[in-house]
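Scope of the values below: all heavy atoms of this structure, side chains included, with no hydrogens, waters or symmetry mates. Residue numbers run from 1 in the order of the sequence given. Quick caveat, the model's predicted, so the values are computed rather than measured.
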Amino acid sequence: LANIYGEITGGVRVECNSDGSFWLNNIEVKKLLTLYSSRPTEKAKLYLEGMKNKLCWIIQSKNVTNKNDGIRAVAQSMVAQIEETLERVPTRKLLPDAHSRAS
């Protein structure tokens, strides 16, 4: 892939860097997976599922041309990694903090 690829379509911005990092709307997907694995809350799970939906939109988008099939392939790989992480890492329920108990 090129050094940096960026495209904004349908409100989704994609960057794929030569170092292997893949950014979606200024969020590095692999780091998001790492964060979810270390703190798998319900809120984080919903955010990760939303990221997965955006990646699926990229995969299905007709705006991704044949010359940019590398982006589609990386998006497919990221979807697979998200699905594997969601299956492997159970979501934890956090205890309410002191402020929510006092209310």
Is there a path of hydrophobic side-chain contacts, each under 4.5 Å between heavy atoms of I, L, V, M, F, W or Y residues, that connects V79 with W57? yes
Is the shortest heavy-atom distance from the side chain of R88 to the side chain of S37 under 4.5 Å? yes
Report yes or no: does N17 contribute a side-chain atom to a donor-acceptor pair with the main-chain N or O of D19 at less than 3.5 Å? no
Do L48 and L46 share a hydrophobic cluster, counting only Ile, Leu, Val, Met, Phe, Trp and Tyr and linking them when any side-chain heavy atoms are less than 4.5 Å apart? no
Can you tell me how far CZ of R39 sits from OG1 of T91, rounded to the nearest 0.5 angstrom? 12.5 Å
N/O donor-acceptor pair under 3.5 Å between T34 side chain and K30 backbone: yes
Can you tell me how far CD1 of I58 sits from NZ of K54, rounded to the nearest 0.5 angstrom? 9.5 Å
Same cluster (ILVMFWY, side-chain, under 4.5 Å), I27 and V14: yes
How long is the straight-line distance from NZ of K52 back to CD1 of I82, given to the nearest 0.5 Å? 8.0 Å
Under a 4.5 Å side-chain heavy-atom rule over Ile, Leu, Val, Met, Phe, Trp and Tyr, are Y36 and Y47 clustered together? yes
Does the side chain of L32 come within less than 4.5 Å of L24's, by heavy atoms? no
Can you see which heavy atom on L86 is nearest to which on K45, and at what distance? CD2-CG, 3.8 Å
Least distance between heavy atoms, F22 atom then C16 atom: CD1-SG, 3.9 Å
Hydrophobic cluster membership, W23 vs L55, 4.5 Å side-chain cutoff: no
